[in-house]
Structure formats: structure tokens, C-alpha cells
K.L.:
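Sharing a structure below in C-alpha cells format, with a few things to ask.
Sequential numbering from 1 along the given sequence is applied to the chain's residues. Since this is a predicted model, take the numbers as computed values, not measurements.
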Amino acid sequence: MFKKTRVRSILELLGRGLSAREVSKSLGVSRNTVSEVQTLYLESGKSWKDISDFDDDRLYELFYPEKFKYKPKYAPVDYSYVHAELPKTGVTLQLLWEEYVAKCEKEGVQACCYVTFVNNYKKYTGGKNYTSRIEHKPGVEVEVDWSGPTMNYINPDTGEIITAYLFVGTLPYSQLSYVEATTDMKENAWLSCHVHMFEYFGGTPVKVVCDNLKTGVIEHPSRGEITLNEAYLSLGEYYSVAILPTGVKKPKHKASVEGSVGKIATSIIAKLRNETFTSLATLNAGIRRALNEFNEKHFQKRQGSRKSIFETEEKPYLKALPLIPYEVCEWSYKHKVGSNSHIWWNKGQYSVPSRYIGHKVDVKYNDHLVFIYYNRTEIARHDIIPKHERNGIRTDESHLPMPLRKDLTPDMLRDIARDIGSGTFEVIRRMFEETKIEEQALQTVKSILAIADLFTPEILDKACMLSLKQYHLPYYKTIYGHAKKLNKDAEYKEFRESNKNSGIVRGADYYRKER
């Protein structure tokens with residue numbers, strides 16, 4: 001490292017009338033150096049009064065502009081290239097630094113360390129008034145939450161003031177926001193708002209960052225796996241979006257949406273405070289109008305607006321939406337599959353593949369369809385049984401452990417039951433008589449008669465007799481339970497008979513130890 005010439009001290013002593021020899025001896029520098037500074041001072045044409053207030057660095061620059069010019073120890077970094085590459089999927093500062101180091105090694109020049117690389121990038125973005133891409137990348141995440149402040153609308157028929165809750169979603173990179181009013185904060189509203197938000201953005205990011213709300217998160221332990229409810233998990237799988245709850249009591253993990261809530265209170269709620277809305281639809285129409293103005297308003301400390309930055313820099317990185325929007329469904333859990341390959345749910349029966357008999361399954365449903373899941377995998381789908389139809393049945397014959405006899409009329413089924421026995425015939429007779437339309441009972445009757453194939457006709461008839469003593473109109477579950485017990489008793493009796501003459505034949509002498 002070079003030793004800087006003490007310019008200020010030399011000029012001060014010369015100014016006091018000391019000779020070059022005396023200055024050299026006093027400061028411990030050579031007379032040639034003193035002479036050089038004296039010559040440069042005279043050539044500069046400046047008086048001591050003009051330069052006395054200069055700091056040491058400025059004096060060095062005045063006298064030795066080339067000699068003391070800063071020379072970096074490492075190859076320069078093209079930070080405009082770094083800034084352009086960072087938004088791309090999978091690109092990180094670590095990767096770009098490694099590429100820079102490899103290039104320097106190839107060219108035989110010195111590379112800077114990773115810390116210097118990162119710090120200089122921060123200075124670059126700050127100096128250019130750019131948004132740093134270290135924290136947020138376009139199209140990677142959206143932060144969602146319920147707003148604390150609420151709005152309301154008036155029911156024109158009753159005059160009742162109805163509270164509306166605000167769902168808020170924000171893309172951290174562009175700060176583009178979405179707002180929707182709902183009448184509650186339950187699961188269906190939460191999921192529907194997500195679907196509408198994705199439609200507003202015109203695509204989906206990589207992940208959704210949410211709070212630990214009960215409508216989405218079942219369990220978030222400090223250690224271990226986060227458990228989401230089936231409905232929220234299903235929505236994420238449908239849109240191929242990762243659902244990532246924030247740390248407990250850590251709002252900074254979704255700082256963008258937390259900040260947007262305050263801005264929305266001013267830009268939307270306050271702006272619409274003097275307007276009267278008579279329905280949720282008109283309220284949301286007003287919110288959408290104010291929201292568009294909010295997103296199109298230019299930033300104060302950043303070029304462009306939320307909308308313009310989103311359209312030009314972020315939207316290209318969003319994943320395209322599915323052709324059919326996600327339909328919000330409700331869930332019902334832990335329904336056991338009966339021996340007839342059906343589950344009972346909502347006063348009706350639905351079939352599942354016979355290999356799931358005895359297992360517990362979950363039901364997802366909407367107004368039209370019923371989806372049956374086992375271990376988060378769909379195993380069956382049926383049209384929903386209308387609410388007015390009690391004890392209805394939906395059966396896919398491929399689900400059954402044995403094929404159903406086809407084209408059997410109620411009379412034919414009565415004849416089959418009569419052949420099995422009086423108890424079976426009486427059950428089947430009552431079952432047809434209790435239904436307004438005989439065809440409605442066909443599937444249940446066939447399932448009951450199939451018990452004779454599982455065990456024996458005698459066991460089915462005895463099971464029907466036992467069931468008739470309990471209920472006027474016994475159904476499959478009761479009859480099958482009796483049949484299963486009767487079969488078990490018969491097998492045990494047969495086992496006892498076959499082992500009647502067996503026993504220990506070796507005798508005590510066989511086990512006596514020799515002395």
C-alpha cells in the first residue's frame with residue numbers, strides 16, 4: 001500500500017517561512033518531495049487561502065489527480081444485467097454472483113466477495129430509485145387477509161344496516177391490490193374471494209401467503225407440519241398454488257397486505273363513505289370502481305402505477321388460469337364405507353369402489369355433485385340426491401364387489417325373497433310398500449338380497465327375522481350386522497365340532513424332566 005504525501009503539512013510549514021531543507025528534516029520526507037509539492041503549488045496558481053479549507057483527499061486530488069485516483073481491486077459488476085436477470089424464475093443473487101466469479105476466473109481477474117456483490121446491488125437500486133428485487137420477485141406470491149375496517153349496505157325492504165367484511169389481496173412486487181366485500185368471513189366467502197382475485201389478476205402466482213385464520217389453517221405448530229383444511233388445500237391444488245401461512249404473530253411476513261389495508265381504508269372506504277348501497281352487488285361495484293382508481297394512481301416515490309408495473313413487469317410471470325374456475329364446495333368428514341360399497345351421507349347412499357369397504361372417506365359437495373375422497377384422492381363422483389328425496393341411492397355398478405342382477409322388477413325381487421324365507425320376504429314386502437314409487441327401493445332391496453351371496457340364504461333369513469323384532473322396517477345396516485354375527489357364530493360352531501376329539505396327547509410324562 002502506497003504512503004500518501006503529507007501535502008497539507010508541507011504547505012503549512014513552507015508558508016511559515018521554513019526552507020525546504022528544514023521542512024524535510026522536520027517531517028521526515030525527502031527534499032525532492034518538498035520541492036515537488038512546492039512546484040505543484042506554484043503551478044496551480046492558487047493561494048494558500050484558496051485551498052486551506054480543502055480536506056486531505058481534495059488536496060491530494062488537486063496535486064496528484066492520477067497518482068491517488070481510486071483503483072478497484074476487483075473486476076466491475078454489470079448491475080443493470082443483474083437487475084434484469086433477477087425476476088426470472090430460479091435466478092438468485094447467489095447464482096448471479098457465482099456466474100460473475102466464473103467469468104472473472106476465465107478472464108484472469110480478481111472477483112469481489114458475495115457480501116460486496118449484494119451490498120453494491122442494494123446501492124445500485126437505491127441510487128436508481130428502483131425497487132430492489134432481493135425481497136420480492138414478480139409473480140411469485142400474493143398476500144391475503146381480512147381487513148379490520150368494515151363497510152355496510154342497507155336492505156331496502158327492511159331498512160336493516162348489514163355489515164360487509166373486506167377481503168384484501170396484494171401482489172408485493174407491483175403492489176397491485178384486490179378488494180371484495182362479503183357478508184361474513186366464513187370458509188365459502190374466503191375461498192370465493194380467492195377465485196375472484198385470481199380472475200382479477202388474470203393469472204396465479206407461485207404461492208399465497210395468508211394469516212393463520214381458522215377458515216384456512218387447522219394447525220400451525222411451532223415445529224412440525226402445517227395442516228390446512230381440505231377446502232383450502234383443494235383450491236391450492238386446483239390452481240397449482242402453494243398455500244403458506246405466516247409465522248404465528250408475525251405480521252411482517254405479509255407486510256404488503258398489512259400496509260395495503262391502511263391505504264385501502266383511505267382510498268376506498270373513505271372515498272365511498274357518502275354513497276349509499278342497497279345490496280352487496282352494488283357495494284362491490286362501487287369498491288371495484290374505487291379500487292381501479294387506487295391501482296391506476298401514480299406512485300410518489302416510484303415511476304408508474306400499481307397497474308402499469310403489474311401489466312409490464314409482473315403479469316407475464318403469472319400462470320394462466322384454468323378454463324373452468326374453481327367451484328367452491330363444502331366438506332363432510334369420516335364416513336365409513338359399508339359392506340355394500342356405499343356410504344350414508346345427508347340421508348342418502350353413494351357408492352365407492354369395493355376395495356374401500358371398511359375405510360373412512362371424506363365427502364366434498366356443492367349444489368350439483370358429490371365427490372368422495374380417500375387420503376385426499378378422489379375415488380368416486382355422483383350427482384347429488386335432491387333434498388326432497390329421502391333414502392335415495394346413487395350407485396356405480398363398477399364399484400360393487402359383485403355385479404348386480406339387471407332388469408329385475410319389484411315382483412321378481414319379491415319372488416327371490418320368498419324363495420329365501422318368510423323373514424326375508426316380509427322385509428322386502430314392507431320396503432316396497434313404504435315407498436311411493438317402488439323403483440326407489442330397488443337398489444336397497446338388491447343390496448339386502450346380495451347378503452345371501454356373501455353368507456348363505458339361511459343366514460340372511462334369520463338376520464331378517466331378528467331385524468323385524470327390532471324395527472318395523474329394518475334397513476341394510478341392521479340386517480347385515482345380524483348376518484355377520486350369525487355367520488361368525490356358525491363358523492365358530494363348525495370349528496368346535498371339527499376339533500371335538502382333539503387335545504393334548506403327549507401327556508405329563510413327556511414334559512417330566514429326567515433326574
Side-chain angles (χ1 to χ4, degrees), residues 142-170 177-201 208-220 227-236 238-239 241 243 245-246 248 251 254 257-258 260-265 267-273 275-291 325-333 346 362-371 384 387:
V142 59
E143 298 173 1
V144 296
D145 202 357
W146 290 109
S147 166
T150 60
M151 299 183 72
N152 57 64
Y153 62 93
I154 299 174
N155 186 326
D157 297 327
T158 63
E160 179 186 4
I161 298 177
I162 301 174
T163 300
Y165 304 90
L166 299 182
F167 170 90
V168 182
T170 300
S177 296
Y178 173 78
V179 184
E180 181 178 346
T182 65
T183 54
D184 59 57
M185 294 191 290
K186 295 180 181 178
E187 181 180 280
N188 280 6
W190 176 252
L191 299 177
S192 296
C193 287
H194 277 70
V195 175
H196 301 156
M197 175 184 68
F198 294 148
E199 291 174 351
Y200 182 78
F201 293 155
V208 174
V209 180
C210 65
D211 211 338
N212 289 277
L213 68 174
K214 293 182 180 179
T215 52
V217 182
I218 296 175
E219 186 178 8
H220 190 166
T227 305
L228 303 175
N229 68 35
E230 290 289 348
Y232 204 16
L233 184 64
S234 177
L235 178 137
Y238 186 83
Y239 286 105
V241 172
I243 309 293
T246 61
V248 179
K254 52 180 181 60
V257 73
E258 296 285 349
S260 295
V261 168
K263 296 173 184 175
I264 286 167
S267 301
I268 295 179
I269 300 176
K271 182 172 287 188
L272 301 176
R273 70 188 185 283
E275 295 188 34
T276 302
F277 303 98
T278 56
S279 68
L280 184 65
T282 57
L283 174 59
N284 273 318
I287 289 174
R288 180 62 63 89
R289 185 180 67 251
L291 175 65
Y326 178 80
E327 187 169 1
V328 176
C329 298
E330 296 184 62
W331 286 79
S332 181
Y333 300 99
N346 202 20
D362 302 325
V363 176
K364 182 177 76 171
Y365 62 96
N366 53 39
D367 294 335
H368 313 289
L369 296 171
V370 172
F371 308 87
I384 197 167
K387 292 182 179 179

K.L.:
For a 4.5 angstrom cut-off between non-hydrogen side-chain atoms, does Ile287 reach Glu180?
P.N.:
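No. Closest side-chain heavy atoms not under 4.5 Å.
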
K.L.:
Search all heavy atoms of Trp146 against all heavy atoms of Ala189 and return the closest pair with its distance.
P.N.:
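Minimum heavy-atom contact is CH2-CB, 4.4 Å.
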
K.L.:
Who passes ring pair (Phe, Tyr, Trp, His ring centres under 6.0 Å) against Phe198, sequence neighbours left out?
P.N.:
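For Phe198 the ring pair (Phe, Tyr, Trp, His ring centres under 6.0 Å) partners, ignoring immediate neighbours, are Tyr239.
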
K.L.:
Is there side-chain contact between Tyr365 and Asn346, with at least one heavy-atom pair below 4.5 Å?
P.N.:
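The answer is no; the side chains never approach within 4.5 Å.
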
K.L.:
For residues Ser234 and Tyr326, report the shortest heavy-atom separation together with the two atoms involved.
P.N.:
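The pair with the smallest heavy-atom distance is OG-OH, 3.4 Å.
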
K.L.:
If you measure from CD1 on Ile154 to CG on Leu283, what distance do you get to the nearest 0.5 Å?
P.N.:
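Answer rounded to 0.5 Å: 11.5 Å.
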
K.L.:
Just to verify, what does Arg289 make a salt bridge (Lys or Arg N to Asp or Glu O under 4.0 Å) with, not counting sequence neighbours?
P.N.:
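Arg289 satisfies salt bridge (Lys or Arg N to Asp or Glu O under 4.0 Å) with Glu275 once adjacent residues are dropped.
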
K.L.:
Donor-acceptor pair, distance only, cut-off 3.5 Å: does the side chain of Asn284 make one with the backbone of Ala181?
P.N.:
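Checked: pair present.
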
K.L.:
Start with the C-alpha distance between His194 and Tyr232, add both sets of side-chain angles, then the distance that settles ring-ring contact (aromatic ring centres under 6.0 Å, His included), and finish with yes or no.
P.N.:
CA-CA 10 Å; His194 277 70; Tyr232 204 16; 5.2 Å; yes

K.L.:
Who are the side-chain contact (heavy atoms from CB on, under 4.5 Å) partners of Thr278, not counting sequence neighbours?
P.N.:
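Counting only residues at least two positions away or on another chain, Thr278 forms a side-chain contact (heavy atoms from CB on, under 4.5 Å) with Pro156, Thr282.
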
K.L.:
Would Asn366 and Glu330 count as a side-chain contact (heavy atoms from CB on, under 4.5 Å) here? Give the steps.
P.N.:
CA-CA 6 Å; Asn366 53 39; Glu330 296 184 62; over 6 Å; no

K.L.:
Which residues pass the side-chain contact (heavy atoms from CB on, under 4.5 Å) test with Asn155, not counting sequence neighbours?
P.N.:
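In terms of side-chain contact (heavy atoms from CB on, under 4.5 Å), with neighbours along the sequence ignored, Asn155 is linked to Asp157, Thr158, Glu160, Ile162.
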
K.L.:
With Tyr165, which residues qualify under side-chain hydrogen bond (donor to acceptor under 3.5 Å, both in side chains), at least two apart?
P.N.:
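Scan of Tyr165 (side-chain hydrogen bond (donor to acceptor under 3.5 Å, both in side chains), adjacent residues dropped) gives none.
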
K.L.:
Side-chain contact test, heavy atoms from C-beta onward, threshold under 4.5 Å: evaluate it for Trp331 versus Asp362 and give yes or no.
P.N.:
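Of all side-chain heavy-atom pairs linking Asp362 with Trp331, at least one is under 4.5 Å.
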
K.L.:
Of all the heavy-atom pairs spanning Cys329 and Phe371, show the shortest one and how long it is.
P.N.:
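In this case the closest contact between Cys329 and Phe371 is SG-CE1, 4.4 Å.
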
K.L.:
For Phe277, check ring pair (Phe, Tyr, Trp, His ring centres under 6.0 Å) against everything at least two apart and list the hits.
P.N.:
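Result, ring pair (Phe, Tyr, Trp, His ring centres under 6.0 Å) vs Phe277: none returned.
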
K.L.:
Of the non-hydrogen atoms in Tyr178 and Cys193, which two are nearest, and what is the gap between them?
P.N.:
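In terms of heavy atoms, the two residues are closest at CE2-O, 3.9 Å.
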
K.L.:
Do the side chains of Leu280 and Thr183 get nearer than 4.5 Å, heavy atoms only?
P.N.:
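Yes, their side chains come closer than 4.5 Å.
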
K.L.:
Run the side-chain contact (heavy atoms from CB on, under 4.5 Å) check on Val168 and Val144 step by step: do they pass?
P.N.:
CA-CA 6 Å; Val168 182; Val144 296; over 6 Å; no

K.L.:
Is there a side-chain contact between Phe167 and Met185, using heavy atoms and a 4.5 Å cut-off?
P.N.:
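Of all side-chain heavy-atom pairs linking Met185 with Phe167, none is under 4.5 Å.
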
K.L.:
How long is the span from the CD atom in Glu187 to the OG atom in Ser192, to the nearest 0.5 Å?
P.N.:
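It comes to 10.0 Å.
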
K.L.:
What I'd like to find out is whether the side chain of Val370 reaches to under 4.5 Å of the side chain of Val363, using heavy atoms alone.
P.N.:
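Touching, per the 4.5 Å side-chain cut-off.
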
K.L.:
Going through the checks in order, is the side-chain contact (heavy atoms from CB on, under 4.5 Å) test met by Glu327 and His368?
P.N.:
CA-CA 11 Å; Glu327 187 169 1; His368 313 289; 3.9 Å; yes

K.L.:
Will you find, in the side chains of Thr163 and Thr150, an N or O donor that is under 3.5 Å from an N or O acceptor?
P.N.:
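Distance-only check fails for Thr163 and Thr150.
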
K.L.:
For Thr170 and Asp145, what are the C-alpha separation, side-chain angles and deciding distance, and is it a side-chain contact (heavy atoms from CB on, under 4.5 Å)?
P.N.:
CA-CA 9 Å; Thr170 300; Asp145 202 357; over 6 Å; no

K.L.:
Would you say that Val195 contacts Leu235 through its side chain, given a criterion of any heavy-atom pair below 4.5 Å between the two side chains?
P.N.:
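A side-chain contact under 4.5 Å exists here.
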
K.L.:
With the side chain counted from C-beta on, respond yes when Met197 and Val142 share a heavy-atom pair under 4.5 Å apart, and no when they do not.
P.N.:
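In contact.
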
K.L.:
Please round to the nearest 0.5 Å and tell me the distance separating atom CD1 of Ile268 and atom CZ of Arg273.
P.N.:
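Result: 14.0 Å between the selected atoms.
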
